[in-house]
J.: 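Dumping the structure here so I can ask a few things about it.
Per chain, numbering begins at 1; letters A, B, ... match sequence-line order.
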Number of protein chains: 2
Amino acid sequence: MDRFVSLQRKIAPEIARLLDIRYSILRHVHFYQPIGRRTLSQQLTVKERAVRSELEFLRRQGFVSVSSSGVTLTQDGEVIFQELGQYVRELREFARLEQLLERLLPIRKIVVVAGDSRRDPAVKKDMGRAVVRILREIVEDGDIIAAGGGTTMVEVAKAIVPSGWPKHITVVPTRGSLGEEVEIQADSIAVEMAKLLGGTYRVLNVPDDLHPETISRIINEPRIKEILELIKTARIVIHGVGTLEEMVKRRNIPREEMETLESLGAVAEMFGYYFDKDGNMVYYTPSMGIRPEDLQGKKTISVAGGANKAQALLAVVKRYSREALVIDEAAALKIMEIEDRGKEKWQ
Amino acid sequence: MDRFVSLQRKIAPEIARLLDIRYSILRHVHFYQPIGRRTLSQQLTVKERAVRSELEFLRRQGFVSVSSSGVTLTQDGEVIFQELGQYVRELREFARLEQLLERLLPIRKIVVVAGDSRRDPAVKKDMGRAVVRILREIVEDGDIIAAGGGTTMVEVAKAIVPSGWPKHITVVPTRGSLGEEVEIQADSIAVEMAKLLGGTYRVLNVPDDLHPETISRIINEPRIKEILELIKTARIVIHGVGTLEEMVKRRNIPREEMETLESLGAVAEMFGYYFDKDGNMVYYTPSMGIRPEDLQGKKTISVAGGANKAQALLAVVKRYSREALVIDEAAALKIMEIEDRGKEKWQ
DNA sequence: TTATGCCGGGACAAATGGCGTCCCATAGGA
DNA sequence: TCCTATGGGACGCCATTTGTCCCGGCATAA
């Protein structure tokens, strides 16, 4: 049944809208019957005519009865309402989650993908696809896209179907590499994405965990300088978010640096910058590439999965508004949990 | 899972159409890839633009890839195609059955209801609802409806939701009663229906298994005569179909009459007329009411469930065209079986 | 009894978006 | 090299949906 629902969400997502309104009408009628068409429309904030059309449908199906005193559920209607309950919960849970989160965070569009990416690798693929779907909606001819690194971003790149993309897209990395494995470096991912998008790429090809002096010298190299300029002008940014533990494991971070980070309360990493749980930038590794403040004015798509990323996401995401956020169910639930707790404390 | 599908069919029937076209595109692409939009459109007999819209959707979802050589399934597309297969089979099986039967029989609209009404009484209720749904579509202000008797017709009456019906409907029985139990007599059902439809009724209130002479006298009674006239002018007829065994069990049919019927090859009964399996009328009990030939020019809805009714349905239904036929799954499958066998013999 | 307010349903103009149908540049195969 | 089938753009049309009225009915309160 679970497979069924997800299958349906993929192949016929428009039914969600349909079910939503029909179910909410049934529910409302169930609780407030007999109730008039107009009252229904007001309380559901659905246009009168739409309510009317749906009522007509429901009446045809024999689920509601319409009399001069208002709309009532028939026996069939009561049954279908009960049955539909669990179904809609399944099918619409994410949509509700997404709506709640969108109200909570400064993000235009939030997509919640079923499952937990830490338990099922396929979930990351789904997240990748979700990102690509969003990218398809916003990308335009001649765009410059800055892509970050990380295992999730690898799946984003893989999820690109090379067909029907605008022309003259340039993909650049968000920053240099940080001593990670080649496959998950921003550079590699930018190359991969550019190929699949049918566009061009420019990469730094330089590690940026060098000595600060070396870095400032490299930055002035004409080729590097030009690319860094390009990165700054990117209209679209796609990036993952890291937790402290992850970064420590993945990168060659010296012991004392790690201790510093911990003492500063760092919980999230983005572009080599570290943030505490309130979103304050507490540390950064000297590097070249995008800075968090550069995100302003860009369309930013953030992506991360797993309950452990929830705290990091909140830290990183609250400061700057974003175009879209793609997370998995585990992360979404965790975020809701944290935020709810926060609210209780606050009240 | 089964409940799921039937739930969906009830609450959002429009998705069937959607799934149908999307699935058939996926299937066609799967087998003929790469294939062009136009070829696809021609071979599926779907308008070019519709194919295009769906392809666009499928591309957005990442299921197909579109290149200059045509449309191809992506890996995701192949997976979804496989998964969708069994789902669509479930969801659309009846639709396919219905289409096949509609091509086979002279009936405008055939509705197949899930299940076997002989095993699960709830199925009969579903059939009743289906009949009512059809009735809603065709009934008009001032109509005269002739309703037959039988247990299935009882469910039809019960399924009527008294709301939103046209005005000035008159319900009459198809014929007098035949010594059956009161509840399943055409008279009682006409009364029940009329009440729920918010209309009026006229009933015969006379058993018609009387001596032929008595009958011909009664027919000339002014009140009876008038009602019989009314019955003849009915625009809509709703009736069940009986098998020989059923009739023998239900009515007080004398032994010798039954033997006559058997020897004549009677397998079906309608309005007190008996038919052999090729649809020839072989016998009739003297009675008053509708005759089979009166059906011409009327909108007739026939309803029957159970595999045992298949033969009777075929006999009764083939001779005169009908507006609609409502059967259960068991009857539908049996009909297909009989017809297929017939075809093989014929070829 | 009468007045009032909410009820459903009919009606209809406006708008939306899907649909049908072209054309065109192009790429890949003959 | 040409030709055919490809996708995609464009555009006008039409059907359906949508937004808004209004009307008559019915129930309830005065």
J.: Would one find a side-chain N or O of A:Thr39 under 4.0 angstrom from OP1 or OP2 of C:dC7?
T.: yes
J.: Are the side chain of B:Glu98 and the backbone N or O of B:Val112 linked by a donor-acceptor pair below 3.5 Å?
T.: yes
J.: How close or far is atom P of D:dG19 from atom CD of A:Glu54, stated in whole angstroms?
T.: 13 Å
J.: Who pairs with B:Ser53 by side-chain hydrogen bond (donor to acceptor under 3.5 Å, both in side chains), at least two apart in sequence or on another chain?
T.: B:Arg49
J.: Using whole Å, report how far CG of A:Leu58 lies from P of C:dG8.
T.: 14 Å
J.: Does OH belonging to A:Tyr201 count more than 12 external heavy atoms closer than 6.0 Å?
T.: no
J.: Specify the residue among A:Leu55 and A:Arg49 whose closest nucleotide of DNA chain C lies further upstream toward the 5′ end.
T.: A:Leu55
J.: Once each nucleotide of nucleotides 24-30 of chain C is scored for protein heavy atoms under 4.0 Å, what B/S/- sequence comes out, 5' to 3'?
T.: ---S---
J.: Provide, to the nearest angstrom, the distance between the NZ atom belonging to A:Lys47 and the P atom belonging to C:dA14.
T.: 18 Å
J.: Donor-acceptor check, side chain of A:Thr74 to backbone of A:Gly62, threshold 3.5 angstrom: yes or no?
T.: yes
J.: At less than 3.5 Å, do the side-chain atoms of A:Arg52 and the base atoms of C:dG10 form a donor-acceptor pair?
T.: yes
J.: Looking only at heavy atoms, which two atoms of A:Val111 and A:Ala130 are closest? And how far apart?
T.: CG1-CB, 4.0 Å
J.: Hey, does the side chain of A:Glu102 reach the backbone of A:Ile110 with a donor-acceptor pair shorter than 3.5 angstrom?
T.: yes
